[in-house]
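Sequential numbering from 1 along the given sequence is applied to the chain's residues. Keep in mind it's a predicted model, so treat the numbers as computed, not measured.
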Amino acid sequence: MPTFEEARSIILKSVSPLGAERVALLDSLGRVIAEDIIAPWHMPCFDNSAMDGFAVREADCREPVSLRITGYIPAGGAATVPLEPGCAIRIMTGAPLPHGCDAVVPVEETEESDGHVRIREKVVPRQHIRFSGEDVRQGETIIPQGTIIRSPEISMLASFGKAVVPVYGKARVAILSTGDELVELGEPLEDGKIINSNALSLAASVLECGATPIILGIARDNSESHREKMLEGLKADVLITSAGVSAGDRDLVRDILAELGVKQIFWKVDIKPGGPTAFALKEGKPVFSLPGNPVSTMVTFEEFVKPALLRMMGHRRVFKPFKRAVLQGKARKKPGKINFLRVRLTWENGRYLAYSSGDQNTGILKTMLMADAIAKLPADRTEFAPGEEVDVHILSCDVDMLEE
Ligand code: AMP
Ligand code: MG
């Protein structure tokens with residue numbers, strides 16, 4: 001049985017980035033660029049004014065002077081007429097500099113009267129000019145392969161006319177629920193049945209990773225049904241099953257996967273919840289068999305499946321860092337396994353404080369909703385006192401936001 005860390009490292013070593021595809025610029029948001037992007041031209045691509053004001057020759061302005069205004073260049077206009085000595089051209093921010101100009105004087109520092117502009121302040125050569133190539137040089141790598149596209153990258157790519165960009169493919173993730181007790185959402189709920197909520201929570205988690213879920217429905221507790229659905233699932237890039245992976249006589253998942261030539265890499269990890277997790281490969285394609293309890297399914301997705309999906313979609317940083325938090329109550333566990341404790345977090349005096357979100361039984365879903373994070377209690381320890389620091393994985397995206 002691998003340890004938690006070993007299991008994560010085995011999984012990560014088994015997967016690699018999918019092929020690249022080209023998508024419309026806005027569709028690349030949140031995805032990973034698959035090639036180095038090189039600047040096709042200088043940015044800015046022409047010298048232009050950084051202020052609304054007057055284009056001048058510095059040599060004319062070494063002492064207070066009055067210059068004749070001979071033209072006007074608006075933003076988007078063209079600098080067709082050169083700037084003659086003793087003259088100024090009215091210019092707007094972003095407008096191209098006229099030939100002969102080597103400084104811009106902001107309008108606030110001037111006085112105008114009858115076709116002339118008076119300049120009182122000393123003018124420094126090159127002032128208020130944005131020079132061609134001062135931001136980016138032609139041929140420079142603007143976005144290295146492996147970068148996640150955010151709005152600044154979108155801005156840069158758009159500025160260089162990149163309407164279509166190469167990104168790593170989205171993983172197509174098949175989701176298979178197993179069990180005779182399950183009915184689909186919307187179907188009548190008879191005695192003894194429960195709704196197949198794992199399919200939806202897994203699909204939501206897959207979407208949150210930026211991948212594409214394919215919900216396969218329910219494999220019933222017989223070999224035929226498992227076989228049929230699993231064959232379908234193995235057509236995707238990744239197959240995730242839930243439930244049927246413990247040691248019960250109806251837990252068929254591992255046996256049928258083996259029958260279909262899927263090679264088990266490990267079964268069971270030293271964690272709670274989530275112990276019976278299995279990981280397997282079919283010709284390099286990862287198959288995750290997660291336990292069925294909704295809390296176990298979510299925790300094992302977060303810790304094992306998510307890093308693999310991120311790696312497949314070209315991400316380089318795939319493990320969420322553990323943060324330190326100060327435990328606010330006692331905790332107790334059996335030795336031998338890492339325990340994940342559902343906790344609420346607050347931020348006080350520069351530290352996270354971690355409070356149990358309530359009943360930690362694997363079957364209790366409510367305390368997962370109330371948790372901002374899961375705290376990782378080490379395998380070898382048994383007793384935890386208030387005030388101890390523990391590792392936490394933050395789940396909520398709003399934990400760092402201040403409350404009103
Ligand atoms: P099993 O591993 O098959 O024994 O399933 C463990 C428990 O997980 C079951 O008793 C169900 O309560 C729960 N469970 C299994 N599959 C699902 C599912 N698709 N959605 C919600 N709960 C499930
Ligand atoms: Mg079952």
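Checking side-chain atoms of Trp267 against main-chain N and O of Val245 turns up a donor-acceptor pair under 3.5 Å. Checked by atom type and distance alone, the side chain of Ser49 pairs as donor or acceptor with a backbone atom of Met51 at under 3.5 Å. No donor-acceptor distance shorter than 3.5 angstrom exists from the side chain of Arg250 to the backbone of Leu252, with no hydrogens or angles considered. The backbone N or O of Asn222 lies less than 3.5 Å from no partner atom in the side chain of Ser225, so there is not a single donor-acceptor pair. Checking side-chain atoms of Thr93 against main-chain N and O of Asp52 turns up a donor-acceptor pair under 3.5 Å. Thr3 contributes a side-chain N or O that, together with a main-chain N or O of Glu6, makes up a donor-acceptor pair within less than 3.5 Å. For Lys333 (side chain) and Ala379 (main-chain N/O), a donor-acceptor pair under 3.5 Å exists by modelled atom type. Side chain of Asp47 to backbone of Ser132: a donor-acceptor contact under 3.5 angstrom is found. Here the side chain of Gln328 pairs a donor or acceptor atom with the backbone of Val326 at under 3.5 angstrom. Within the 3.5 Å criterion, the main-chain N or O of Ala50 finds no donor-acceptor partner in the side chain of His128.
Taking a 6.0 Å sphere around CG of Leu189, one finds it holds more than 12 heavy atoms contributed by other residues, nucleotides or ligands. Lys320 NZ: more than 12 foreign heavy atoms inside a 6.0 Å radius. Within a 6.0 Å sphere centred on CZ of Arg68, other residues, nucleotides and ligands contribute 12 heavy atoms or fewer. Other residues, nucleotides and ligands contribute more than 12 heavy atoms inside 6.0 Å of the NZ atom of Lys337. Annotation for Leu231: atom CG counts as buried by contact number, over 12 foreign heavy atoms lying within 6.0 Å. Other residues, nucleotides and ligands contribute more than 12 heavy atoms inside 6.0 Å of the NE2 atom of His116. Within a 6.0 Å sphere centred on NZ of Lys282, heavy atoms belonging to other residues, nucleotides or ligands number more than 12.
Of all non-hydrogen atoms in Arg57 and Gly100, the two that sit nearest each other are CG-O, 3.4 Å. The nearest pair of heavy atoms linking Val167 to Ser28 is CG1-CB, 3.9 Å.
The aromatic rings of Phe288 and Phe279 sit tilted, their planes meeting at an angle between 30° and 60°.
Classification of Arg324 and Asp391 as a salt-bridged pair holds, one side-chain N sitting under 4.0 Å from a carboxylate O. Salt-bridge check for Arg62 with Glu58: passed, with a basic side-chain N closer than 4.0 Å to an acidic carboxylate O. Classification of Glu208 and Lys306 as a salt-bridged pair fails, no side-chain N sitting under 4.0 Å from a carboxylate O. Between Lys323 and Glu389, none of the side-chain N atoms (NZ, or NE/NH1/NH2) sits under 4.0 Å from a carboxylate O, so this pair counts as no salt bridge. Of the charged side-chain nitrogens involved, at least one lies within less than 4.0 Å of a carboxylate oxygen, so that Arg227 and Glu259 count as a salt-bridged pair. A salt bridge does not link Glu181 with Lys193: none of the charged nitrogens is closer than 4.0 Å to a carboxylate oxygen. A salt bridge does not link Lys229 to Glu232: none of the charged side-chain nitrogens sits closer than 4.0 Å to a carboxylate oxygen.
Defined by atom type and a distance below 3.5 Å, a donor-acceptor pair is present between the side-chain atoms of Asn196 and Ser177. Side-chain contact annotation: Ser356 with Gln360, donor-acceptor N/O pair under 3.5 Å present. Side-chain atoms of Gln145 and Tyr168 form a donor-acceptor pair, as typed in the model, at a separation below 3.5 Å. In summary, the side chains of Glu303 and His393 do present a donor paired with an acceptor at a separation below 3.5 Å, with no hydrogens or angles considered. A donor atom on one side chain and an acceptor atom on the other are not found under 3.5 Å apart for Thr141 and Asp36. A donor-acceptor contact closer than 3.5 angstrom is absent between the side chains of Ser242 and Thr297. A donor atom on one side chain and an acceptor atom on the other are not found under 3.5 Å apart for Arg172 and Thr212.
Across Leu345, Val343, Thr346, Leu327, a single residue satisfies side-chain contact (heavy atoms from CB on, under 4.5 Å) together with Leu353, and that is Thr346. Tested against Leu97 for a side-chain contact (heavy atoms from CB on, under 4.5 Å), the candidates Ile73, Val104, Asn48, Ile89 yield a single pass: Val104.
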Steps toward side chain to side chain contact (heavy atoms under 4.5 Å, CB included) verdict (Leu234, Val262): CA-CA 9 Å; Leu234 289 169; Val262 182; 4.0 Å; yes
Step-by-step ring pair (Phe, Tyr, Trp, His ring centres under 6.0 Å) determination, Phe46 to Phe131: CA-CA 7 Å; Phe46 52 89; Phe131 288 96; over 10 Å; no
Full working for side chain to side chain contact (heavy atoms under 4.5 Å, CB included) between Lys330 and Glu388: CA-CA 9 Å; Lys330 278 191 207 162; Glu388 266 200 58; over 6 Å; no
Worked verdict on Thr362 versus Asn293 for side-chain hydrogen bond (donor to acceptor under 3.5 Å, both in side chains): CA-CA 7 Å; Thr362 318; Asn293 270 308; 5.4 Å; no
Working for side chain to side chain contact (heavy atoms under 4.5 Å, CB included), residues Arg31 and Glu21: CA-CA 11 Å; Arg31 298 181 67 177; Glu21 59 177 341; 2.4 Å; yes
Worked check of side chain to side chain contact (heavy atoms under 4.5 Å, CB included) between Gln138 and Ile38: CA-CA 8 Å; Gln138 180 180 18; Ile38 311 295; over 6 Å; no
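Figure legend: Arg342 and Phe340 shown without cation-pi pairing, the cationic atom not lying both under 6.0 angstrom from the six-membered ring centre and within 45 degrees of its axis. A cation-pi contact links Lys376 to Phe322, judged by a cut-off of 6.0 Å to the six-membered ring centre and 45° from its axis. A cation-pi arrangement is absent between Arg8 and Phe304, since the terminal nitrogen or guanidinium carbon is not both under 6.0 Å from the aromatic centre and inside a 45° cone about the axis.
Centroid-to-centroid, the aromatic rings of Phe54 and Tyr72 stay 6.0 Å apart or farther.
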